[in-house]
Protein chains: 2
Amino acid sequence: MSSGLDAQRLLIFREIARAGSLASAARSLGWTQPAVSQHLRHLERQAGTPLVLRRPRGVQLTEAGQTLLRHAEAIATRLRLAADELDALVRLSAGTVRLAAFPSAGATVVPAAMGLLADRHPGLDVRLREAEPPQALALLAAGEVDLAVTFSHPAPRPDAASGSGAALTPEPETVGASDLVRMVVGEDPLMLVLPRSHPCAEPADVPLPLGELAGEKWVGGCERCTANLLAVCAGAGFVPDIRHGSDDYVLTQALIARGLAVGLLPRLALDAALDPGVAVRPTAGLRPRVLYVSHHRDADRVPAVRGAVRALLDAMAAPV
Amino acid sequence: MSSGLDAQRLLIFREIARAGSLASAARSLGWTQPAVSQHLRHLERQAGTPLVLRRPRGVQLTEAGQTLLRHAEAIATRLRLAADELDALVRLSAGTVRLAAFPSAGATVVPAAMGLLADRHPGLDVRLREAEPPQALALLAAGEVDLAVTFSHPAPRPDAASGSGAALTPEPETVGASDLVRMVVGEDPLMLVLPRSHPCAEPADVPLPLGELAGEKWVGGCERCTANLLAVCAGAGFVPDIRHGSDDYVLTQALIARGLAVGLLPRLALDAALDPGVAVRPTAGLRPRVLYVSHHRDADRVPAVRGAVRALLDAMAAPV
DNA sequence: CGCTGACCCAAGCGATACTTATGGCATGAG
DNA sequence: CTCATGCCATAAGTATCGCTTGGGTCAGCG
């Protein structure tokens, strides 16, 4: 810009040097001869010195022209390099996606999606960072990750009409006061987890009303999970007796397996690591938590990000 | 060119990245914001992928943007480098002049001019090559030298009117069928050279008519000089008895000093190396040979060439 | 809740750049 | 010695490109 030299004209000059004459360069460029002549004139005025000597059979570069040609070649090479690199990024044969996911997803669907992505685009560099949803969104807002996999519990008073079928649409919805958008990638039903010896442990496939366990000792999960536990129990008409708390689903199951408590765990956590000492039953009347993937408003137009989102959706669609 | 990326827009993009927002970049560039926005849009279309994410407080580079930025920086650096180098060439603090000169000039006025040039522009690289005028012009036409210092003998039948005063004008005159031009840089009178013991050796300052030496044995110079000798002697009404021939003015003088011949030598040759055994007298009625400097038609617009021509003219103007 | 700052969109106009047309100049062939 | 060809420069016309103007939306802040 400030350097007085027009980069585009330099490339035209390069063509002049290559072709050996203005007319020939014009033919190569698909232009007429005067067009090239004018470009050269402008370039020479910017340079402050003639770049070529007009000889009967064409042109001959002056020393200044030879100097400029070297730089023009370097610039052309750079341009080509840049185009190649961009092409690799667009074709997803290169690039980086950094994503953040909460633990139970990071141990199940996210690795599955990453595997899918690695198969489809071997050149992609995919990086995962574990973070609970609020922190994941903070990382996203700070630009430290490109995608955030989060969940949220549905409102405790379910409007029964909104079936789960339409909830799976990959339509981005704007989230809060920010330029972040999120889309639903799936659901994760909450399961009641009991000691194997517990009287309610059977039958495993029949949903169990939450109220049946009103008198039990409970173990809570992470902060938001515990809040949700309190909310759904309130919905069932009791206040759970929460004796323990941990966001580690392995630890939580260990407590339950030893008969110290019952718990409400998302299925993803159980998929990640199921303690053989626990029994699992579906809940009756509890809406599943919803899984989201979030990114900046227009980041889904970035090839690597789009590819990662697609892989996530596909991984969720397939059985984990 | 063919790389789909517009080099000029890359520099605009660099400004966007530097400024952190389109609006700020627009201010730096002295444009309005939509102008920058359009450039970015075009660049992103060429790139096939977003280069920045539009954030509330400005923009954030995507991976493609960061990639492109690196190349843009490299290109900007190249442009600056090119501008600096050109500037050095224009200011004559760098550059090369290659010149060809015939021997006696190359031993006298040309070194003087080269010294002048070196004093004025220490960075200049001046190179000299010895060549008789026809070869010097051939070198010039072939592009192997930038300047040719030549001479030519005036027509044997002088139209006495054209005084030598107007002949010194530095007005380029086109030469023959070519794109070469030449300008007169000076004159070089022809001197009669005799053995010291020769009866005509004195008085040294009084012009001697050529005819006085009609009966002597002669030594000829280079091909064109010998032709000229024959011509001027014919003009004086006799045919010289040429016994020896050499284009080496030292050898020639040695022959003369030993009384083996007389000769007609240009003053420059005598200035270059005067044999103490010879006497020199001006000729009566003989026009001096004319010295020229030749170059390609528009090469005098090249700074280094122009400087060298000026130095040559100045060196000729001053006493050698 | 208005205000500011940032970006986008659409439309209009002006400068840039390419074309057409013409001429000069050097070279090579008829 | 013309004549023809190929090269470049210049001038004028035109069309495109690019910048501006004047809308509008959105997010953040006092």
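Below, read A as the first sequence line, B as the second, and so on, with proteins coming before strands; counting in each chain starts at 1. On a predicted model such as this, the values are computed, not experimentally measured, just so you know.
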Enquirer: Answer yes or no: does a side-chain N or O of B:Thr32 lie under 4.0 Å from OP1 or OP2 of D:dT20?
Expert: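 For D:dT20, OP1 or OP2 has a side-chain N or O of B:Thr32 closer than 4.0 Å.
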
Enquirer: B:Gln46 CD to D:dC17 C1': how many Å, rounded?
Expert: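 Taking CD of B:Gln46 and C1' of D:dC17, I get 13 Å after rounding.
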
Enquirer: Could you work out which one of D:dG22, D:dA27, C:dA6 sits closest to the side chain of A:Arg297?
Expert: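 In terms of side-chain proximity for A:Arg297, the closest of D:dG22, D:dA27, C:dA6 is D:dA27.
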
Enquirer: I'd like to check the ring pair (Phe, Tyr, Trp, His ring centres under 6.0 Å) partners of B:His71; sequence neighbours left out, ordered by chain and number.
Expert: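 Listed in chain order: nothing, the list is empty.
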
Enquirer: So, does B:Ser37 get its side chain near the phosphate of C:dC8, meaning an N or O under 4.0 Å from OP1 or OP2?
Expert: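 Checking B:Ser37 against C:dC8: at least one side-chain N or O falls below 4.0 Å of OP1 or OP2.
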
Enquirer: With nearest nucleotides of DNA chain D determined for A:Gln38 and A:Val59 from heavy-atom distances, which residue corresponds to the more 5′ nucleotide?
Expert: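 It is A:Val59 whose nearest nucleotide is closer to the 5' end.
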
Enquirer: Between A:Phe151 and A:Arg224, is there a cation-pi geometry (under 6.0 Å to ring centre, at most 45° from the normal)?
Expert: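 The answer is yes; both the distance and angle limits are met.
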
Enquirer: Select one nucleotide: of D:dC8, C:dT19, C:dC8, the one nearest the side-chain heavy atoms of A:Leu22.
Expert: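 Nucleotide nearest to A:Leu22's side chain: D:dC8.
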
Enquirer: Assess whether salt bridge (charged side-chain N to carboxylate O under 4.0 Å, His left out) is satisfied between B:Glu73 and B:Arg14, documenting all intermediate values.
Expert: CA-CA 7 Å; B:Glu73 294 288 359; B:Arg14 172 168 167 267; 2.9 Å; yes

Enquirer: Can you figure out which of D:dC29, C:dT27, D:dC8 approaches the side chain of A:Arg57 most closely?
Expert: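 The answer is C:dT27.
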
Enquirer: Within less than 4.0 Å of OP1 or OP2 of C:dC18, is there a side-chain N or O belonging to A:His39?
Expert: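 Affirmative; the distance criterion is met.
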
Enquirer: Measure CD/B:Gln8 against P/C:dT16 and give the value in whole Å, please.
Expert: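 It works out to 14 Å between those atoms.
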
Enquirer: Atom CG of A:Leu53 to atom P of C:dC25: distance rounded to whole Å?
Expert: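 Nearest whole value for this atom pair: 18 Å.
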
Enquirer: Would you kindly give the CD-to-C1' distance between A:Gln33 and C:dG24, to the nearest whole Å?
Expert: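 Going from CD in A:Gln33 over to C1' in C:dG24 covers 13 Å.
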
Enquirer: Describe the nucleic acid contact of B:Ala35 in one word from base, sugar-phosphate, nothing, applying a heavy-atom distance below 4.0 Å.
Expert: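 Here B:Ala35 touches the bases of the nucleic acid.
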
Enquirer: Which listed nucleotide (C:dC18, D:dA9, D:dG18) is nearest to the side chain of B:Arg9?
Expert: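 Ranking C:dC18, D:dA9, D:dG18 by closest atom to the B:Arg9 side chain puts D:dG18 first.
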
Enquirer: Consider the side chain of B:Pro56, meaning its heavy atoms from C-beta on, and name the nucleotide among D:dG28, C:dA17, C:dC9 that approaches it most closely.
Expert: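 That would be D:dG28.
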
Enquirer: What is the distance, rounded to the nearest whole Å, between atom CD1 of B:Ile16 and atom P of C:dC7?
Expert: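 Taking atom P of C:dC7 as the reference, CD1 of B:Ile16 is at 9 Å.
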
Enquirer: Please state how far atom CZ in B:Arg27 lies from atom C1' in C:dC7, giving the value in whole angstrom units.
Expert: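 Rounding to the nearest Å, CZ of B:Arg27 and C1' of C:dC7 are 13 Å apart.
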
Enquirer: Measure from CH2 on B:Trp31 to P on C:dC7 and round the result to the nearest Å.
Expert: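 From B:Trp31 CH2 to C:dC7 P: 15 Å.
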
Enquirer: Could you tell me the separation between the CG atom of A:Leu40 and the P atom of C:dC18, rounded to a whole number of Å?
Expert: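 From A:Leu40 CG to C:dC18 P: 13 Å.
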
Enquirer: Heavy-atom distance under 4.5 Å between the side chains of A:Trp31 and A:Ile12, does that happen here?
Expert: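 SC-SC contact between A:Trp31 and A:Ile12 confirmed.
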
Enquirer: Under 4.0 Å, heavy atoms only, any strand: does B:Ser21 hit a base, just the sugar-phosphate, or nothing?
Expert: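 Sugar-phosphate contact only.
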
Enquirer: Nearest to the side chain of A:Arg54 - C:dC18, C:dC7, D:dC8?
Expert: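 Nearest listed nucleotide: D:dC8.
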
Enquirer: Once rounded to the nearest 0.5 Å, what's the spacing between atom CG of A:Leu11 and atom CD1 of A:Ile16?
Expert: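 Reported to 0.5 Å precision, the distance equals 11.5 Å.
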
